Amino acid sequence: MKTRAEPQLIDFHPPRAEMLVDVLQGLSLAQKELSPKYFYDARGSELFEEITRLPEYYLTRTEASIMQTSVSEIAQRVGPNAAVIEFGSGAGDKIRVLLQHLDAPLAFVPIEISRDHLMASASALAAEHPALSVIAVCADFTQPFELPPISGARRNLVFFPGSTIGNFPPEQAVSLLRIMHHAAGENGALLIGADLIKDRSTLEAAYNDRLGVTAKFNLNLLAHINRELQADFDLKGFQHKAVYNAAEQRIEMYLVSQREQLVHIRDELVSFDKGERLLTEFAYKYDLDGFAGLAARAGFRVEQVWTDSLRHFSVQYLVREKDHASSQGTYGQATK
Ligand code: AVJ
């Protein structure tokens with residue numbers, strides 16, 4: 001007999017046709033590109049979990065330690081009876097420490113494109129917190145989607161950890177922050193992880209690990225496209241490359257074509273020159289002023305910043321600026 005209600009699922013999972021159009025569009029640009037959101041099939045999610053445990057990849061563990069030491073202060077700021085809305089909840093590990101410390105949270109709304117991850121983590125959290133109403137939303141959060149109505153919460157807290165904001169160039173980042181500003185609602189707040197600018201060698205090592213897990217993660221994008229769109233990328237024909245572009249304050253990840261080659265994607269042919277670079281990901285790095293500037297453009301004011309002793313990473317508490325134009329303005333797509 002079932003003793004507990006399963007979490008409610010609201011499904012906006014994008015159809016495969018959308019991925020095909022998006023992939024072909026990216027490959028038709030002079031600088032060919034693929035969206036980093038396609039990294040995360042089942043294998044890609046597994047490889048990312050492996051990345052987070054690498055000695056060079058300081059981001060996840062630094063953020064986790066900041067959360068551990070600051071969670072009481074964060075809970076104090078949030079106050080009682082909050083609804084927590086997590087963008088890109090993944091396997092659902094990051095929310096635990098927060099939910100354990102918040103004062104009687106009312107609802108948890110994870111938004112995640114991988115339905116398997118979403119349902120597994122939503123069910124587990126519902127079981128751990130019987131009083132919490134868990135509403136799982138399967139969606140690509142860079143596209144417009146409707147949040148379910150959450151009644152009775154004193155405040156919405158949007159949670160966006162991991163420096164995933166760094167995947168988006170400034171204009172798109174502001175659009176995404178506006179979507180979160182809207183989701184936070186009146187009196188709402190955003191708790192966000194942002195990776196900080198540091199020396200090149202630390203940054204580049206984090207994206208060029210010795211074991212080659214990041215290389216596998218990058219190449220798996222092609223395997224995902226092969227499977228999902230019946231394409232024939234030769235994974236041995238491309239090599240992983242990650243460099244820090246200091247002028248743009250971002251890591252750039254590429255797959256470099258090892259020879260002249262043709263790739264079929266359904267009825268389309270895409271050609272690569274030898275040495276041609278296919279862009280797969282940006283990971284922007286911030287200084288505190290620069291990030292506050294981005295936040296301000298989306299109607300947020302930075303209320304508190306927590307960092308580690310090396311100032312490698314930041315967790316920031318942003319509140320909605322009263323009467324900011326963007327609360328009524330556009331909060332459309334974060335990508336193209
Ligand atoms: C999950 C987007 C924050 O940019 O550091 C890790 C993804 N890419 N290694 C990042 C990633 C290569 C990660 N984010």
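First listed ligand is number 1; within each ligand, the first listed atom is number 1. By convention here, the first residue in the shown sequence is residue 1. As the structure is a computational prediction, the values presented were derived from the model and not from experiment.
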Does even one non-hydrogen atom of [X] get within less than 4.0 Å of ligand 1?
{"X": "F39", "result": "no"}
{"X": "S163", "result": "yes"}
{"X": "F48", "result": "yes"}
{"X": "Y284", "result": "no"}

Of P36, A283, G162, the residue with the heavy atom nearest atom 3 (C) of ligand 1 is G162

For F217, the atoms of ligand 1 under 4.0 Å from one of its heavy atoms are 8 (N), 12 (C)

Find all atoms of ligand 1 within a distance of less than 4.0 Å from any non-hydrogen atom belonging to Y40, and give their numbers and elements. 1 (C), 7 (C)

Do the side chains of [X] and [Y] get close enough for a salt bridge, i.e. N-O under 4.0 angstrom?
{"X": "E63", "Y": "K94", "value": "yes"}
{"X": "R250", "Y": "E281", "value": "no"}
{"X": "D103", "Y": "R154", "value": "no"}

Say whether Y207, considering both its backbone and side-chain N or O atoms, lies within less than 3.5 Å of an N or O atom on ligand 1. yes

Would you say T214 has any N or O atom under 3.5 Å from an N or O of ligand 1, going by distance alone? no

Tell me, which protein residue and heavy-atom name are nearest [atom], and how many Å apart are they?
{"atom": "atom 2 (C) of ligand 1", "result": "N167 ND2, 3.3 Å"}
{"atom": "atom 14 (N) of ligand 1", "result": "Y57 OH, 4.1 Å"}
{"atom": "atom 8 (N) of ligand 1", "result": "E281 OE1, 2.6 Å"}

Check whether any side-chain N or O of H181 sits under 3.5 Å from a backbone N or O of G299 as a donor-acceptor pair, and report yes or no. yes

Has the side chain of R96 got a donor or acceptor atom that lies under 3.5 Å from a matching backbone atom of G92? yes

Selection residues 58-90 - residue pairs positive for ring pair (Phe, Tyr, Trp, His ring centres under 6.0 Å), sequence neighbours left out: Y58-H312, F87-F141

Any idea which heavy atoms bring A298 and L177 closest together, and the distance? CB-CB, 3.4 Å

Aromatic contact between F300 and Y317, with the criterion being ring centroids under 6.0 Å apart: yes or no? no

